Amino acid sequence: MNILIIGATGFIGKEIVKQLAREDVFLTLLVRNPAKARLLQALAPEKIALVTGDLTKENLGLNAIDHERAMHCNMILHCGGPMDITLSETAAKSSFLEGSKNLMTLATEINKRNKLKKIIHVAGYMSPFTDDASVWETTDVFKEVHPALLGTPPYEQMKFLSDIYIRQEAKKHHIPLAVINPPTVIGDEQTGSTEQLEGFGLFIKIIRSGALPVIPGGTDYRLPLINKNVLAQFIVKTIFNETKDEMTYPLVADKHADKEIVQLMGLISESLNRSKPRLSVPFGLLKFVMAAGGSKLTGIPESSLNFLTNRTFDNRLTKRDFESELIKKIAASNILLAVADIDFRLTYGEESLTPYTRIAVDEATVYQLEGSATPLVLLHGLFSDGTDLFQLGLALNKQTGRKIIIADLPGFGRSPFIKKQQLLTPYLELIRSLKNILPDGSVFIGHSFGAALLLTAAEQRFFSENDQLILLQPPIHKTDSVPATWFSKLALKHASERQLLAYFTKKGLLIDEAVSSSEYLKRVKKSVRSSRIVNTTLQLNRLLKEMTLHQRMDPSIPIVWGTEDKSYLPPRETTKIVDLPLGHHFPISHPQETADVLVELIEG
């Protein structure tokens, strides 16, 4: 089987290719930019070919050689098209309706020569069309709008008109057609990693900005979500499933399995460390307000509310043709990890993890570098996250060969904030979970607040005799008072990078303008965009005053101390200190020097 895939480099398409690369099939990927698809091709270079083209162009923009390659395909998967609900009518028509016409012209040509086994089209879950041809077969989509689509925004209208057209052409030429109707797609169920910042990303953007302080629709409404890897599993199964007369598959869970919008917005707000909206507003009234100017006032696209629904979806065909274990996974899991990941991307932009890999532990994001012997676990401090310790982890991995594990603490990096009665509880629970997956012993290295967590966990007997603790700049004796939370937030929001550098230098947090220090301060400045990160930072900063860490200090635990720190005094409770002539954030600003010292302290 040779499958022509349209949209292979998109958010969903990449996951589909990843899963199909493990199957006994050949893949021909239609891409506009081959360079973007090289990593995908590298998954299985012997069975993945690239052809250069464009869905919006006649003959898909294929040259003679690539056209001939496409002609050897006997199945087509179409999951292409932009995810942009604000598209103009002209742009939406070109991307979807004209695109489907170009695709079906090629599909018809392939079918005449090579008999297509199936076309699979991925359309949105709000499509009103099914396998009942009487509803759509007489509609001329290039001259009229189907009555069911009157009044819908251009994005939805053209997407679903293209659904009609593909159905019409497939029926006319006797080509088996399967239509997948997924709801809003979020990141995979393992990590929540969500590259697509439209769709659910737009919803998160609205909530985090405070532009939607009410609950639209109330308890009768929901926002159906599906993990991208689960959607890909359904599509892969559809490829291999037996062809049937009716193959329209809404991938929407039964209503009781989805979270009501009230519950979902509450969970999202909590994970962003924001106040929950309390007031429900009737959906019709909210749409009226948006149409009357509320959309311009708030910056919320009116069409963004179309993701919400109070409909019940007929998923009987889905349940008929897919195993029950997959059906159970339709409603998305790890939603809060996806929320944090989107918030991270909106805050910092796209940041590479290479060469780290990413997993989830206890609703927190954890990064890993492979290695042998006893693992090294790094916990960051405030005004930073796990990625700020990447360079230190790389240096330690290179010098020791050991596995490196770096956690994003709750509310930082790509980890959601977790609200508990005791603010510190989720942080200690994360350390316990890390300890549980590393039962044979590890070296736990905590910087600043991370060091404070290790001291607290040690007092509660989390660690065994096989574990070693090393503290970097433990915040035991503060030299000045913590400013009021409102003042700190205001100062952070309006300070320039130059002002931040002056403050960090004055306090002995940094000692120079090295490249690493400059990059770090840029991230500190960007972090202000996220209420999750700012609010969590300031809450924990105030909590540090109450932690009486000097009472928990074990004199046997080695400490690395930056002597230029003017905010904290070195611990008086121990003499096992290695001094570095650096500032408080030395593990970030001087990772190599820090690694050199740590290598000497690590036992075994």
Side-chain angles (χ1 to χ4, degrees), residues 378-385 388-389 392 409 412 422-425 427-428 431 443-463 468-485 487-488 491-492 500-512 517 520 524 536-590 593-594 597-598 600-601:
L378 308 184
L379 300 180
H380 64 83
L382 304 184
F383 295 99
S384 62
D385 58 42
D388 289 308
L389 297 179
L392 175 58
L409 297 175
F412 296 94
Q422 298 296 322
L423 183 60
L424 212 54
T425 298
Y427 302 89
L428 296 174
I431 293 177
V443 179
F444 286 83
I445 303 169
H447 171 236
S448 194
F449 177 70
L453 286 178
L454 291 182
L455 282 174
T456 306
E459 183 186 46
Q460 297 182 21
R461 302 184 183 279
F462 280 24
F463 304 108
Q468 181 189 4
L469 272 58
I470 302 176
L471 309 180
L472 312 179
Q473 216 69 10
I476 294 177
H477 301 292
K478 191 164 182 63
T479 61
D480 53 9
S481 61
V482 179
T485 299
F487 175 79
S488 298
L492 280 171
L500 280 175
L501 178 60
Y503 176 82
F504 274 59
T505 304
K506 178 182 177 182
K507 294 293 185 180
L509 304 175
L510 297 169
I511 64 167
D512 55 32
S517 298
Y520 165 66
V524 171
T536 305
T537 299
L538 297 176
Q539 288 166 6
L540 292 174
N541 200 31
R542 297 189 68 81
L543 179 66
L544 270 174
K545 279 203 315 179
E546 306 165 11
M547 290 181 68
T548 58
L549 295 172
H550 64 280
Q551 297 177 12
R552 301 169 183 171
M553 190 61 222
D554 182 340
S556 68
I557 301 175
I559 291 173
V560 183
W561 189 260
T563 58
E564 299 305 304
D565 190 344
K566 298 179 179 63
S567 296
Y568 291 94
L569 298 173
R572 297 184 291 268
E573 296 75 16
T574 182
T575 56
K576 202 170 185 178
I577 296 181
V578 178
D579 287 337
L580 280 175
L582 301 171
H584 184 91
H585 290 291
F586 65 83
I588 301 170
S589 62
H590 294 78
E593 291 87 339
T594 307
V597 172
L598 286 173
E600 296 298 320
L601 293 174

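If you're wondering where the values come from, they're calculated on a predicted model, not measured in any experiment.
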* Asked: D388: what forms a side chain to side chain donor-acceptor pair (under 3.5 Å) with it, not counting sequence neighbours?
  -> R523
* Just do the side-chain contact (heavy atoms from CB on, under 4.5 Å) check on Y568 and Q473 with the steps written out, would you? => CA-CA 8 Å; Y568 291 94; Q473 216 69 10; 5.6 Å; no
* To do: Output all residues satisfying ring pair (Phe, Tyr, Trp, His ring centres under 6.0 Å) with F586, sequence neighbours left out; order by chain, then residue number.
  => none
* Calculate, to the nearest 0.5 Å, the distance between atoms CG and NE2 belonging to L510 and H584 respectively. => 10.0 Å
* Apply the test side-chain contact (heavy atoms from CB on, under 4.5 Å) to residues V443 and I470: give CA-CA distance (whole Å), side-chain angles for both, the deciding distance (0.1 Å), then the verdict. => CA-CA 7 Å; V443 179; I470 302 176; 4.1 Å; yes
* To do: Check whether any side-chain heavy atom of L544 sits under 4.5 Å from a side-chain heavy atom of L382, and report yes or no.
  => yes
* Structure fact -> For I511 and G583, the nearest pair of non-hydrogen atoms, with its separation, is CG2-N, 3.4 Å
* Asked: Between atom OG1 of T536 and atom CG of N541, what is the distance when rounded to the nearest 0.5 Å?
  -> 12.0 Å
* **Residue pair S567 / L509, side-chain heavy-atom distance below 4.5 Å** => yes
* **Separation of L409 CG from L379 CG (nearest 0.5 Å)** => 6.0 Å
* Say you draw a straight line from CH2 of W561 to CG of D579; how long is it, rounded to the nearest 0.5 Å? -> 9.5 Å
* How long is the gap from CG on L580 to CG on D565, to the nearest 0.5 Å? -> 12.5 Å
* To do: Would you check if L472 and L598 make a side-chain contact, meaning some heavy-atom pair closer than 4.5 Å?
  => yes
* Asked: Quick one: does S448's side chain have a donor or acceptor within less than 3.5 Å of a partner on P474's backbone?
  -> no
* **For L428, all residues meeting side-chain contact (heavy atoms from CB on, under 4.5 Å), sequence neighbours excluded** => L424, L453, T456, A457, Q460, F462
* Asked: Does some side-chain heavy atom of L471 sit less than 4.5 Å from a side-chain heavy atom of L455?
  -> yes
* Apply ring pair (Phe, Tyr, Trp, His ring centres under 6.0 Å) to H585 and list each qualifying residue two or more places apart in sequence or on a separate chain. => H447, F504, Y520
* **Results of side-chain contact (heavy atoms from CB on, under 4.5 Å) for K506 - residues two or more places apart only** => none
* Asked: Just how far is it from atom CG of L582 to atom CD1 of I588, taken to the nearest 0.5 Å?
  -> 12.5 Å
* **Residue pair K576 / S556: nearest heavy atoms and the distance that separates them** => NZ-O, 3.4 Å
* Should P587 and L389 count as side-chain neighbours, where that means a heavy-atom distance under 4.5 Å? -> yes
* Set of residues satisfying ring pair (Phe, Tyr, Trp, His ring centres under 6.0 Å) with respect to Y427, sequence neighbours excluded -> F449
* **Verdict with reasoning, I557 to L454, per side-chain contact (heavy atoms from CB on, under 4.5 Å)** => CA-CA 10 Å; I557 301 175; L454 291 182; over 6 Å; no
